[in-house]
Amino acid sequence: MGCNLTQRIIKEHLADGEMVAGNQVGIRIDQTLTQDSTGTMAYLQFEAMGIDRVKTERSMAYIDHNMLQQDSESADDHRYIQTVAKKHGVYFSRPGNGICHQVHLERFGVPGETLLGSDSHTPTCGGIGMLAIGAGGLDVAVAMGGGPYYIMMPEVINVRLIGKLRPYVSAKDIILELLRRISVKGGVGKVMEYTGEGVKSLSVPERATITNMGAELGATTSIFPSDELTRAFLKAQQRKEVWRTLQPEEGATYDETIVVDLRILEPLAAMPHSPDNVKSLAEIGEVKVDQVAIGSCTNSSYQDLMKVVGILKGKTVHPDVSLVISPGSRQVLKMLAANGALADLIAAGARILEPACGPCIGMGQAPSTNGVSLRTFNRNFKGRCGTVSAGVYLVSPETAAISAIAGSLADPRTCEEDIAVDIPETFPVCDNMIISPADEGVMVEVVRGPNIKPFPLNQTLAEKVEGSVLLKVGDNITTDEIMPSNAKLLPFRSNIPYLAGYCFVPCNAEFPKRANEKNGGFVVGGENYGQGSSREHAALVPLYLGVKGVLAKSFARIHKTNLINSGILPLTFKHPVDYNGIAELDDLCIENAGAQVRNGNRIIVRNRTRVAEYEMSIEVSDREREMLLAGGKINLIRQQAKQKCVYIDSAHPLMRF
Ligand code: MIC
Ligand code: SF4
């Protein structure tokens with residue numbers, strides 16, 4: 001029996017634990033990445049650990065999210081990240097250089113290595129055969145310090161691709177098809193590994209579109225083999241020396257197989273308000289469109305945008321449509337500028353944005369009231385675009401471009417142009433927007449703006465954990481609902497007290513007030529609680545507001561870890577029917593909480609209002625159990641450091657110990 005690709009890479013990086021499905025394994029991390037909206041917190045946490053220099057092969061700090069700079073906060077945070085990166089050995093990608101995942105794929109990803117990023121779409125680099133995983137900032141900070149990253153040994157799903165896509169059907173349609181089949185929670189606890197002869201028909205950027213949006217399946221990550229096409233891509237990026245061939249071993253086994261026949265796929269769209277609400281364009285029918293947005297870490301490669309150019313060239317965007325295009329990287333933008341394609345896009349009426357996340361995270365370009373926006377992005381959660389009443393459809397670049405001309409949702413197969421685009425033999429490589437860190441030992445002053453506020457730290461678990469149900473929500477609650485991100489809030493990612501005023505507001509505008517009045521309490525959720533982003537603010541802000549535990553039917557992977565890292569109890573209903581019996585403002589209590597958490601997986605929660613008892617399970621590893629008892633990861637690290645007499649910067653001005 002041979003190892004599949006995922007198991008091969010985990011085996012090569014195994015630092016702790018046994019590779020048995022369901023066991024926790026610690027893996028050595030070769031590379032890390034942060035972006036600016038999660039990065040400030042990650043570097044504050046890294047600093048608080050008192051480690052001088054990152055211990056990874058390469059750590060990158062990208063600036064790509066907070067680009068509007070309506071006031072001084074974002075520029076101040078960028079300066080903090082730039083200086084803290086310089087001091088501690090991290091490479092800094094300046095604003096304007098592109099979206100972290102696109103740039104990392106182009107310039108830094110290495111087949112067979114591990115990458116941990118403080119962004120849920122870090123799996124993009126699975127497109128070149130990297131084991132690339134998204135995590136909360138604190139986990140990335142620990143990995144920068146040389147600590148292993150712990151995951152549940154995943155099940156590995158073989159996604160066997162057969163045949164070749166027909167013209168105008170896109171890699172985006174492959175991942176939309178998977179979302180249609182297995183939903184936003186179908187990948188939880190799993191790695192999606194792509195195999196089959198269909199792999200050879202997909203370029204690296206196309207593979208990266210698929211691995212990128214595997215995040216929407218809830219998967220731990222997604223990965224393609226590293227083959228001749230990977231070699232050609234890396235050679236074109238002048239990095240052929242990092243290539244290695246990487247395939248599953250002979251006789252590799254998988255936990256499950258999903259077959260996708262590329263020959264019969266059609267153009268698809270995810271309808272509002274969930275990435276798995278997928279239908280074919282034919283099924284959706286006529287939809288009038290107000291806005292088209294092309295870009296994001298899912299679909300902003302040179303190949304994607306050249307296909308768009310192929311469709312738009314010589315035409316004019318429909319009078320009722322606003323078309324915005326954000327190239328994924330400066331390299332892509334430069335290529336479009338050099339070959340004249342940018343001029344074609346401008347001539348067609350496209351509004352060109354800088355290479356950054358932009359509208360994908362609500363940083364501008366909010367659609368009109370009740371507007372319909374077609375986007376090549378990966379998430380269409382209600383309100384994420386900035387307009388609560390708008391409906392966002394997720395589509396391929398081909399569908400987006402043809403619809404921008406038609407003014408309504410249109411099938412790209414009606415195009416007459418030949419839009420096939422080959423990967424160039426050489427990309428115009430220029431890393432002059434990457435700033436290298438200072439040499440070890442060189443003094444660097446870290447510049448902190450007034451926006452940086454202390455972040456909350458939990459206390460050791462109380463013997464009696466009690467409080468009211470502050471909020472009860474349904475299935476698939478996103479981190480965008482727990483801690484919204486938009487142009488008004490994103491600049492405050494290093495200011496937890498400010499963000500607290502907006503916590504859970506999309507679910508209930510009274511939540512922050514109620515949490516304050518009740519002095520904290522519990523949240524009750526349905527299936528896949530906390531799906532979506534990696535932002536640990538969705539745990540830190542509830543912690544700040546006194547949330548002690550979340551009772552849910554199931555949890556999304558990254559968010560569950562962020563709760564544990566913050567010392568908030570993630571409790572799963574043993575009997576999901578108990579969910580129905582709880583109401584907001586019920587008074588809950590966990591007696592002997594410490595002993596219950598220490599002794600096993602069963603936790604009894606009493607509902608004092610209804611005189612009922614719920615059997616909950618706490619599905620955590622022994623390490624995580626320790627973390628919950630200590631009041632979160634930082635407290636545990638500090639306790640352990642004290643025991644080992646390791647110096648920890650407990651006088652750090654930014655932390656409230
Ligand atoms: C997102 O797409 O939701 C984000 C913004 O990139 C997040 C990270 C964040 O909240 O800063 C993610 O995907 O992890
Ligand atoms: Fe940026 Fe959007 Fe990608 Fe998140 S999903 S990293 S906001 S482009």
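Along the sequence shown, the residues carry numbers beginning at 1. One-based numbering, in listed order, for ligands and for the atoms of each.
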Presence of salt bridge, [Y] and [X], under 4.0 angstrom:
X    : Y    : value
E216 : R180 : no
K172 : D304 : no
R493 : D77  : no
E113 : R58  : no

What protein heavy atom lies closest to [atom]? Include the residue and the distance to one decimal.
atom                    : value
atom 1 (Fe) of ligand 2 : C357 SG, 2.3 Å
atom 8 (C) of ligand 1  : Q35 NE2, 3.2 Å
atom 13 (O) of ligand 1 : S120 OG, 2.6 Å
atom 7 (C) of ligand 1  : S533 CB, 3.3 Å
atom 6 (O) of ligand 1  : D119 OD2, 2.7 Å
atom 4 (Fe) of ligand 2 : H65 NE2, 3.8 Å
atom 2 (O) of ligand 1  : R384 NH2, 2.8 Å
atom 11 (O) of ligand 1 : S37 OG, 2.6 Å
atom 2 (Fe) of ligand 2 : C360 SG, 2.3 Å

| message | As an exercise, identify every atom of ligand 1 less than 4.0 angstrom from a heavy atom of H65. | response | 4 (C), 5 (C), 6 (O)

| said: Under 4.0 Å from a heavy atom of I361: which atoms of ligand 2 are those, numbered in the order shown and with their elements? | reply: 7 (S)

| request: Any atoms of ligand 2 less than 4.0 Å from a non-hydrogen atom of D119? List them with their elements. | output: 6 (S)

| For atom NZ of K334, is the number of surrounding heavy atoms from other residues, nucleotides or ligands below 6.0 Å larger than 12? | yes

| said: Heavy atom to atom 3 (Fe) of ligand 2, shortest distance: which of C297, S326, C100 holds it? | reply: C297

| field | F233 ring center within less than 6.0 Å of F427 ring center | value | yes

| request: Look at ligand 2 and say whether R379 reaches it with a heavy atom at a distance under 4.0 Å. | output: no

Does ligand 1 come near enough to [X] that some N or O of the ligand is less than 3.5 Å from an N or O of the residue?
X    : result
R535 : yes
D480 : no
S118 : no

